[in-house]
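Order of the sequence lines sets the chain letters (A, B, ...), proteins ahead of strands, with each chain counted from 1.
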2 protein chains.
Amino acid sequence: MPRTSRTRSESPRATSIYDVAQEARVSVFTVSAVVNKKEGVSAALTRRVEAAIAKLHYRPNLLARSLARQKTQTIGVIVSDIANPFFPDIVRAIEDSAQNAGYSALLCNSDDNAEKEARYIELLLSKRVDGIILNKASGPLSAAHRKLFTDQNVPIVLLMRSCANLKADLVRTDDEHGAALATAHLARIGYRRIGLVSGPLDNSTGRSRRQGYLKTLEENNLAVPEELLFEGDYRIDSGFRAGLALLPRRPEAVLVTNYLMTVGFMKAADEIGMRCPEDFALVSFDDFPWVSCFRPRLTTIELPKYELGEAATRTLLERIEGNTARATTTTLTPQLRVRESCGFMLRTREAREPLLI
Amino acid sequence: MPRTSRTRSESPRATSIYDVAQEARVSVFTVSAVVNKKEGVSAALTRRVEAAIAKLHYRPNLLARSLARQKTQTIGVIVSDIANPFFPDIVRAIEDSAQNAGYSALLCNSDDNAEKEARYIELLLSKRVDGIILNKASGPLSAAHRKLFTDQNVPIVLLMRSCANLKADLVRTDDEHGAALATAHLARIGYRRIGLVSGPLDNSTGRSRRQGYLKTLEENNLAVPEELLFEGDYRIDSGFRAGLALLPRRPEAVLVTNYLMTVGFMKAADEIGMRCPEDFALVSFDDFPWVSCFRPRLTTIELPKYELGEAATRTLLERIEGNTARATTTTLTPQLRVRESCGFMLRTREAREPLLI
DNA sequence: TTGTAGGCGTTATCAA
DNA sequence: TTGATAACGCCTACAA
């Protein structure tokens, strides 16, 4: 058989299964069987092969294996931006879970840009990943791409954001509930003019959080303060602009639907010279270990990031292993963490003071 | 030629270069030439091939290409933990730069654990990545692994931490200088009992920062307060323990050498009931957009994270493209950002007061 | 300019 | 139990 003169590369080829077979005086089949721990290779040959492997430092070329097996043991992960602190924990969980199951993760940042996302999807598919975890950019999926997924039979699980024209597994948090928790908390404290800094309304997360907010206002017989609604894009700058726009209109409280926008919002408050919670109350989305260390301590809606990543990976791997049941939605429950930025302590103290007079 | 009956898989094969060749009534060579935009294919055939590609939605299998070309257009990235806020920006930069040059990034978390790191290195090598960016775990590299790199001719660039027995390119920040800047600033304000919460001293970063601190104490004729030195591991909990250990000993100031440990340290201060900067001054390492929004505003040594990732990728890609010059070290300069936690404002006010009496 | 066929390093089928 | 050999899908030296 081939393996003749090494025409192309001058650098010595890495030792292949042929070299091992030759060294151990067996066929490549036997080497392959030993490497893959298959039953039924005699002890004698197994020993010889193992010795040859050790001697030659043989390591199977996973590229060739992937090509032959039609399986790469690799998943693609597309998030909008790993530098957004919402994602690192999720990606960490994905990588952990994938690795434990023998998979690696290819990381992509879409910047919530449909074109970039489309390019990444094609790339991942060309690289023949076994599945994709997708934090979908705003907007629908192109028909061509949808066809690609089904044609190539590559499972995909949606992370956080659903996609109108793609019925795939979805792993998300209960955003409407989260926003409702936050809004209800503010209403309970006694605020009536409660503003909202939402995410983009062309995706499910942004809409759900807004919905939870609106529903709760209604439940509390609070009018929707149209001049206190702001649509951001989950980035710092939009939070900053939201602050500049909303704070002069004197909201009593505001719900900011992610951490980065809260950061921008607080910057704006600094510039304007308004303090939280004295001049306005705030509840933020997403919790981090450091928010309880600095003032104002943010009252937040905690999103179980690591669990999100775990669930997404678990779901994807099940699909890869052959689960063909219909698409599921896994919804994790967020939690309200009351601290200081909502002015809870403040109000209760104020409320007590009149009694003291 | 082969491509006979489809023995193995029942699911329809993805369209391959052969299908395109057949559809366009040309040879695979011609298709390959068109796909790779090689000179010298007649306009007529080019048209036919392109039509066939479009009709069949052909996308080259990058796995097969990698195997044939002996190049995967993929780099491996091993960091201790993407959930540590120091890394997301770096990884983002790496992914951006890699993508721009036509490479993808495989992400791995070593948890600063030598065994885990070793497993990842073997995995990446087996996957035939074209190069590796390594934020080395503490401890030397095993001889076997060093041999692997040279044998397989896979370039590697070290990120932040050097490695005693591996002469490879290194991209890092000037940690000694950074720590010196911080310490000098504290000394200038007038503190004399300055503590240190260092990282692990078995790696270069931890040692350098400690060295910068010690050197600067000496330059300022300050004794080393042995009871105010604490060796942490860059995680929150070690910062917390550092706080519990050091704060009761009443340091005037403390240099905490990363953000997560600062978070733990502040938690400890909260529990003990000591305030920053009133009861102790603090300078932290690493800066984030949100540190200026919450109190106390941290005075920090800013590390150019994105630039670090860019430089590491650039260096690696040059090696991959064939640069064989001797190993280089790229050192980026950190910067002092004076805010409130160092007590600068406080002290200057106090300093003025006596004059007012 | 285009085609033929061998090689990349595995896996897996089918004989022996 | 083992071996020979055809895939996997692409690239490319060499021939035509």
Participant: Can you tell me how far C1' of dT2(C) sits from CZ of Arg25(B), to the nearest Å?
Facilitator: 15 Å
Participant: Under 4.0 Å: is that the gap between some side-chain N or O of Tyr58(A) and OP1 or OP2 of dT10(C)?
Facilitator: yes
Participant: Tell me whether the side-chain N/O atoms of Asn61(B) come closer than 4.0 Å to OP1 or OP2 in dC8(D).
Facilitator: no
Participant: Could Arg59(A) and Asp151(B) be called an ion pair, given the rule that one side-chain N must be under 4.0 Å from one carboxylate O?
Facilitator: no
Participant: Reckon Leu45(A) touches a base, only the sugar-phosphate, or nothing at all at heavy-atom distances under 4.0 Å?
Facilitator: sugar-phosphate
Participant: Of the listed nucleotides (dC10(D), dT10(C), dG3(C)), which one gets closest to any side-chain atom of Arg65(B)?
Facilitator: dC10(D)
Participant: Please round to the nearest 0.5 Å and tell me the distance separating atom OG of Ser142(B) and atom CD of Glu115(B).
Facilitator: 11.5 Å
Participant: Looking at every strand, decide which applies to Arg59(A) at a 4.0 Å heavy-atom threshold: base, sugar-phosphate, or nothing.
Facilitator: sugar-phosphate
Participant: Mind listing the closest non-hydrogen atom pair of Ala52(A) and Glu23(A) along with its distance?
Facilitator: CB-CG, 3.5 Å
Participant: Phe29(A) has a side chain; which of dT1(D), dC8(C), dA4(D) sits nearest to it?
Facilitator: dA4(D)
Participant: Ser42(A) side chain N/O closer than 4.0 Å to the phosphate oxygens (OP1, OP2) of dT2(D)?
Facilitator: yes
Participant: Ignoring backbone atoms, test whether Thr30(B) places a side-chain nitrogen or oxygen under 4.0 Å from the OP1 or OP2 oxygen of dT1(C).
Facilitator: no
Participant: Got a salt bridge between Lys55(A) and Asp19(A), using NZ or NE/NH1/NH2 to carboxylate O under 4.0 Å?
Facilitator: no
Participant: Hey, is the side chain of Gln70(B) poking within less than 4.0 Å of OP1 or OP2 on dG7(C), counting only N and O atoms?
Facilitator: no
Participant: Compare side-chain N and O positions of Lys38(B) against OP1 and OP2 of dT12(D) and report whether any pair is under 4.0 Å apart.
Facilitator: yes
Participant: Would you mind classifying the nucleic acid contact of Val28(B) as base, sugar-phosphate or nothing, using non-hydrogen atoms under 4.0 angstrom?
Facilitator: base
Participant: Counting any heavy atom closer than 4.0 Å, what does Ser32(B) reach on the DNA or RNA strands: base, sugar-phosphate only, or nothing?
Facilitator: base
Participant: Is any side-chain N of the basic residue among Asp111(A) and Arg92(B) closer than 4.0 Å to the acidic one's carboxylate O?
Facilitator: yes
Participant: Of the nucleotides dG9(C), dT10(C), dG7(C), which one has an atom closest to the side chain of Ala68(B)?
Facilitator: dG7(C)
Participant: Is the distance from OP1 or OP2 of dC8(D) to the nearest side-chain N or O of Ser16(B) less than 4.0 Å?
Facilitator: no
Participant: Out of dC11(D), dG9(C), dT2(C), which nucleotide sits closest to the side chain of Ser27(B)?
Facilitator: dT2(C)
